[in-house]
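Keep in mind the model is a prediction, meaning the values are calculated, not measured. Numbering of ligands and ligand atoms starts at 1, following listing order.
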Amino acid sequence: MRRLIMAAASIAALVLAGPARAQSPIVIKFSHVVAPNTPKGQAALKFKELAEKYTDGKVKVEVYPNSQLYKDKEELEALQLGAVQMLAPSNSKFGPIGVREFEVFDLPYILPDLKTLRKVTDGPLGAKLLKLLEPKGMTGLAYWDNGFKQMSANRKLVSPADYKGLKIRIQSSKVLEAQFRTLGSIPQVMAFSEVYQALQTGVVDGQENTWSNIYTQKMHEVQKYITNSNHGYIGYVVVVNKKFWDGLPADLRAECDKAMKEATAYGNSQSAQENEDALAEIKKTGKSEIITLTAEQDGAMRRALEPVYKDVASRVGQSLIDEFLKETRGATN
Ligand code: LMR
């Protein structure tokens, strides 16, 4: 696969060799791993529509959904090598390229709601995190929402003890690994595109994801129970290859920036509804039982997962966790 990415990257380098203005149109390949009818899928299409409109077609955005071009880890390599120009990986996926700080978003129950999230992403902390991407050859352009995660398995997941011994698919985040180890599960990192089949064949017993991702990947068809746990968050960082972005003619970059701002506002205003709709669709199929936790059960889960904060402090950085909590809770833990 790496050879293929390298080949695509050298073609991209040849194309970019001349002044960007010389080719017409300039193409932005936007690769992502989810379905078009998800918060990320919709925001990507909105960016395409607006960027093409504002640049009078001088910039063309090709959106490749559903891991059509690359899976999770590959797409980040492809971006760094210039084989694609834009991505929106989840916060949880930056660890393997050496930017572990985004894993702070993975801490269980760290975000009470999306309004609080906005305080982080739209404030100085959000901007500081984006800066960490530059030495990796990427420019961080925006934060896009998906929403809150739910737990699913073929076993009812109600109390912490229910997680014991289950093999659970996770994204490539050490915080998520710690979360499931704390519950006595066996976490397994796996690309998003492989989750459905892994659940179907029993390679893993369960997973955590948002309603929109569960529904569009049909995970509810191969999971008997989904717990409405809202225990964590999935959101994205829109990243662009830095060399490509800096090399764009300034006027076109400004128009693309404007398109990105508007696509972000649009996507983030729709995401909660899209997840609500997906939940309603899942309910309609009757294929999974949706479990609602009582206040006590929810409290027991929260208490069981508290040690994760200490476990991952050295990886994510205690001061970053404190800074994050200051924004979200107004006090440190
Ligand atoms: C996952 O891997 O579960 C998600 O990050 C997929 C996505 O991009 O929403």
Q | Distance from atom 9 (O) of ligand 1 to nearest protein heavy atom, with residue and atom | A |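 For atom 9 (O) of ligand 1, the nearest protein heavy atom is Y236 OH, 2.4 Å.
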**Q.** Identity and separation of the nearest protein heavy atom to atom 5 (O) of ligand 1
**A.**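 Protein heavy atom at minimum distance: Q171 OE1, 2.6 Å.
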How does [X] reach ligand 1, by side chain, by backbone, by both or by neither, if only non-hydrogen atoms under 4.0 Å count?
| X | value |
| --- | --- |
| H32 | neither |
| T210 | neither |
| V195 | neither |

Q | Nearest heavy atoms of R100 and V316, plus distance in Å | A |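 Of all heavy-atom pairs spanning R100 and V316, the closest is O-CG2, 4.4 Å.
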Under 3.5 Å, is there a donor-acceptor pair between the [X] and [Y] side chains?
| X | Y | value |
| --- | --- | --- |
| Y143 | D122 | no |
| S92 | D106 | yes |
| S90 | Q171 | yes |

Counting from 1, what ligand 1 atoms have a heavy atom of [X] closer than 4.0 Å?
| X | result |
| --- | --- |
| V34 | 6 (C), 7 (C), 8 (O), 9 (O) |
| N209 | 1 (C), 3 (O) |
| S90 | 5 (O) |

Q. Are the side chains of L111 and F148 in touch, meaning some heavy atoms are under 4.5 Å apart?
A.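 Yes, their side chains come closer than 4.5 Å.
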**Q.** Close side-chain approach of Q270 to P39, heavy-atom, < 4.5 Å
**A.**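 In short, these two side chains do not touch, never coming nearer than 4.5 Å.
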Q) Ring centres of Y64 and H32 under 6.0 Å apart? A)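 Aromatic pair excluded; centres sit 6.0 Å or further apart.
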Q: Name the option, out of Q207, R169, K40, K71, that contains the heavy atom nearest to atom 3 (O) of ligand 1.
A: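 Heavy atom nearest to atom 3 (O) of ligand 1 belongs to R169.
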Q) Contact between K93 and ligand 1, counting heavy atoms under 4.0 Å? A)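 It does; at least one heavy atom falls under 4.0 Å.
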